[in-house]
Amino acid sequence: MSETTSASAVSRSGSLPGSLPGDLPRRERLARIVRVDHAGEYGAKRIYEGQIAVMGKGRHGRTLRHMAEQELVHLEYFEKQLNRRRVRPTLLQPLWHVTGFLLGAGTAILGERAAMACTVAVEEVIEEHYEAQLKHLGPEEQELTDSIRKFQAEEVEHRDIGLQNEAERAAGYPILSAAIKAGTRAVIWVAERV
Ligand SMILES: [Fe+2]
Ligand SMILES: [Fe+2]
């Protein structure tokens, strides 16, 4: 728990004992990157778990489990990053635990196409989000950069799976998609800060 205390102390006081004034913004920036990515991958895992709870025995079961397994790898990577960099996870993790699952299960209850529409919307936003992050990562963060690039490619694969499975033919697709995208962007905004 000392990591938690020191991480929040950094953001509140704006300085860290023994650190140079110049390296704090970068440190804080990286903390935000790792925190929000961890939150996002956690949410993704919960979305797929929600979908699997409803559709796991159906014809998309295998595909959903494949995507969920990849999300688990992403999540475990950012969990290690949090520990290594002594960054606390988002305080709202319990909320994402519930809302992620409900979003997955809820769209799956609406139907297979709605579930796929959810995947397409979320993964499109995550793909953009990773792209924006990559622009801020310098050569000194090569390993993190490579990992994000790899995950980004897998998110694109998930989006394409959704599109191949008639996401765009879901009832009310434009509204459903816009709502989920807006929600995902809001979650990203909050998770970077809280
Ligand atoms: Fe992911
Ligand atoms: Fe994904």
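Atoms within each ligand, like the ligands themselves, are counted from 1 in listed order.
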Could you grab the angle centred on the Fe ion (ligand 2), going from OE1 in E123 to OE1 in E155, to 10°? 70°
Identity of the N, O or S atom of H74 lying closest to the Fe ion (ligand 1): ND1
So which N/O/S atom does H158 have closest to the Fe ion (ligand 2)? ND1
Would Y77 and H38 count as a side-chain hydrogen bond (donor to acceptor under 3.5 Å, both in side chains) here? Give the steps. CA-CA 8 Å; Y77 174 81; H38 175 263; over 6 Å; no
cation_pi(R185, W189) dist<6.0 Å, angle<=45: no
Which of these passes side-chain contact (heavy atoms from CB on, under 4.5 Å) with Q81: L144, D37, I33, V87? L144
Compute the angle centred on the Fe ion (ligand 1) spanning OE1 of E71 and OE2 of E41, and express it rounded to 10 degrees. 140°
Could you go step by step and tell me if Q133 and H129 meet the side-chain hydrogen bond (donor to acceptor under 3.5 Å, both in side chains) rule? CA-CA 6 Å; Q133 277 188 347; H129 163 75; 3.2 Å; yes
N/O/S from E154 sitting under 2.8 Å away from the Fe ion (ligand 2): no
Do H66 and E157 have side-chain N/O donor and acceptor atoms under 3.5 Å apart? yes
